[in-house]
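Here's the structure we're looking at; comments come further down.
Sequence lines set the chain letters: A, B, ... in the order given, protein chains first and strands last, and positions in each chain run from 1.
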Amino acid sequence: MPTVLPRTFYDRDPALVAREMLGMLLLVDDADGTVHRARIVETEAYLGPHDPACHAVVGRTRRTEHLHGPPGRAYVYRIYGMHWCLNAVTLPDGVGSAVLIRAVEPIGILDALWRRRPAARRERDLSNGPGKLCAAYDITGAHDGTSLQRGPIRIARGTVITAANIAVSPRIGITRAADWPLRFFERGNPFVSATPGHFAVTPYTP
DNA sequence: CATTTGATGTTCT
DNA sequence: GAACATCAAATGC
């Protein structure tokens with residue numbers, strides 16, 4: 001099982017990275033010593049200070065410190081006072097841009113995930129949303145700024161998802177730049193979060 | 001099945 | 001004080 005962060009992360013357009021991250025593996029160390037594995041099936045790109053929906057628009061603040069840091073690290077922030085969201089930083093130090101990991105498909109034993117997601121009724125509800133997957137894998141602000149190559153959360157090569165199996169839509173839950181097609185997901189995968197009915201969904205064209 | 005609404009508290013103005 | 005890269009429960013078909 002590869003544990004090296006793919007080269008694709010370094011200094012690359014977050015929209016390309018977001019697409020290439022589909023099918024990659026998310027490896028998370030559990031406090032009990034086990035390692036959880038999951039396939040990334042949904043991502044969103046946040047392009048940088050010129051992207052009105054990106055947290056970098058307000059400049060470097062304490063919250064966005066690691067968003068503005070070097071690529072290949074995690075940017076984890078709290079949202080709505082209750083949930084955490086996990087991002088992978090992609091562009092060079094000083095440029096705040098990242099890919100939000102919105103949904104994963106768990107691999108292997110799910111006991112720990114069910115324990116941390118008591119509200120989940122179906123298997124897909126364990127991790128079909130950015131806040132849900134952070135709860136399921138116990139990803140918190142403690143992971144903010146950690147290396148995605150050598151830290152407690154790692155991203156590694158998995159199975160490549162071909163363009164024909166990828167769809168694109170606007171990003172979910174934002175109000176600015178609400179029509180930019182920067183959400184990428186694996187077609188038909190039940191672990192992908194719900195797409196609002198009025199969203200334009202298009203095939204992925206490289 | 002889809003859509004709406006209330007909870008929650010940090011961040012930035 | 002407003003906005004917020006969300007979630008779960010409740011409601012409408």
Is there side-chain contact between A:S127 and A:K132, with at least one heavy-atom pair below 4.5 Å? no
Taking any heavy-atom pair under 4.0 Å as a contact, classify A:A119: base, sugar-phosphate, or nothing.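 Sugar-phosphate only.
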Would one find a side-chain N or O of A:R102 under 4.0 angstrom from OP1 or OP2 of C:dT6?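 Yes, within the criterion.
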A:H55 side chain near C:dA5 phosphate (N/O to OP1/OP2, under 4.0 Å): yes
Using a strict cut-off of less than 4.0 Å between a Lys/Arg side-chain nitrogen and an Asp/Glu carboxylate oxygen, indicate whether A:D93 and A:R60 qualify as a salt bridge. yes
Within this structure, what is the CZ-to-C1' distance between A:R117 and C:dT6, rounded to whole angstrom? 11 Å
Give a yes or no on whether a donor-acceptor pair under 3.5 Å exists between the nucleobase atoms of B:dA7, that is its base, and the side chain of A:Y80.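 Result: no qualifying N/O pair found.
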Proximity to the side chain of [X] - top-ranked nucleotide from [options]:
{"X": "A:T61", "options": "C:dA5, B:dC12, B:dT10", "value": "B:dC12"}
{"X": "A:H83", "options": "B:dT10, C:dA5, C:dC7", "value": "C:dC7"}
{"X": "A:V58", "options": "C:dT6, B:dT10, B:dT13", "value": "B:dT13"}

Watson-Crick or G-U wobble mate for C:dA5, both contacts under 3.5 Å: none
Would A:H55 and A:Y77 count as a close aromatic pair, with their ring centres under 6.0 Å? yes
